[in-house]
Amino acid sequence: DLVALQVPLHQPLVALDRRLDQPGAQLLDRLGQLGRDLVRVGLASGAVSAVAYWNVRALVRAQEPEARVVFYFGVFAFLGSLVWMAPQSWHPVTLANAPVLAGVGVFGGIGQLAMTRAYGQGSTLVTAALSYSGIVFSSVLGIAIWGDALPFAAWVGIGLIVAAGIIAIQLQPGSRKEPAPQITND
């Protein structure tokens, strides 16, 4: 049917978005000003993160060495964080917390190198969805190791992360493959 072909492919997502608008607006009303400010900070953080990883992808695809991209990404992230953290109280580095701090730095650097390679060579949508799975894994580790009790909102967030990952994989170009032909011995 020609009419059906003229419907944009994103139409179901727009309809879903419209169904989520009203509950979202009610939630923001319940959050109050602090909650709305936190939502704005979260959205701004996501936007800045998207721009940053888009630039990382462009740099890697322009044949910039991944280590150099990670180095400058780290420098600018440090400077940006320093502006926000400067007025905060600081804790001294001691012999007791130095190994943990070094471990965070080393494994964070390795993780950033892996993310840079993934954004540069892989599917951006799938890489972004999988990067959020770290939140799910850290939550599971928190439950298993430290006995954390997650509130209902955290479980909803975990569900949204998993759903977004599934949707991202389904929306990836070439993800819908035709079934393999049946081979018979006739």
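Computation of the quantities below employed the complete heavy-atom set of this structure, encompassing side-chain atoms and omitting hydrogens, waters and symmetry-equivalent molecules. Count residues from 1 along the sequence.
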Exercise for the section: Could you tell me whether the side chain of R57 and the main chain of G120 form a donor-acceptor pair under 3.5 Å? Expected result: no
Exercise for the section: Could you check if a side-chain atom of E66 sits within less than 4.5 angstrom of a side-chain atom of Q121, using non-hydrogen atoms only? Expected result: yes
Practice task
Could you identify which residues cluster with V70, counting Ile, Leu, Val, Met, Phe, Trp and Tyr as linked when any side-chain heavy atoms lie under 4.5 Å apart, either directly or through a chain of such contacts?
Solution key: L113
Handout entry: E64: partners by side chain to side chain donor-acceptor pair (under 3.5 Å), with sequence neighbours left out
Key = R68
Exercise for the section: Could you grab the distance from atom CZ of F78 to atom CZ of F73, nearest 0.5 Å is fine? Expected result: 14.5 Å
Handout entry: Cluster overlap Y72 with L82, hydrophobic side-chain contacts below 4.5 Å
Key = yes
Problem - Distance, nearest 0.5 Å, that separates CH2 of W54 from CG of L59 - result: 9.5 Å
Identify each donor-acceptor pair in which a side-chain atom of residues 134-156 lies under 3.5 Å from a protein atom, sequence neighbours left out, and give them as a table.
unit_1 : atom_1 : unit_2 : atom_2 : d
S138   : OG     : G134   : O      : 3.1
S138   : OG     : I135   : O      : 2.9
S139   : OG     : I135   : O      : 2.9
W155   : NE1    : L150   : O      : 3.4

Exercise for the section: Would you mind listing every ring pair (Phe, Tyr, Trp, His ring centres under 6.0 Å) that reaches into residues 80-112, with sequence neighbours excluded? Expected result: none
Handout entry: R117 vs V60 side-chain heavy atoms within contact, under 4.5 Å
Key = no
Side-chain donor/acceptor pairs under 3.5 Å, residues 94-104, sequence neighbours excluded:
unit_1 : atom_1 : unit_2 : atom_2 : d
T94    : OG1    : A96    : N      : 3.4
T94    : OG1    : N97    : N      : 3.4
T94    : OG1    : N97    : OD1    : 3.3
N97    : OD1    : T94    : N      : 2.7
N97    : ND2    : P92    : O      : 3.2

Problem - salt bridge (charged side-chain N to carboxylate O under 4.0 Å, His left out) partners of R61, counting only residues at least two apart - result: none
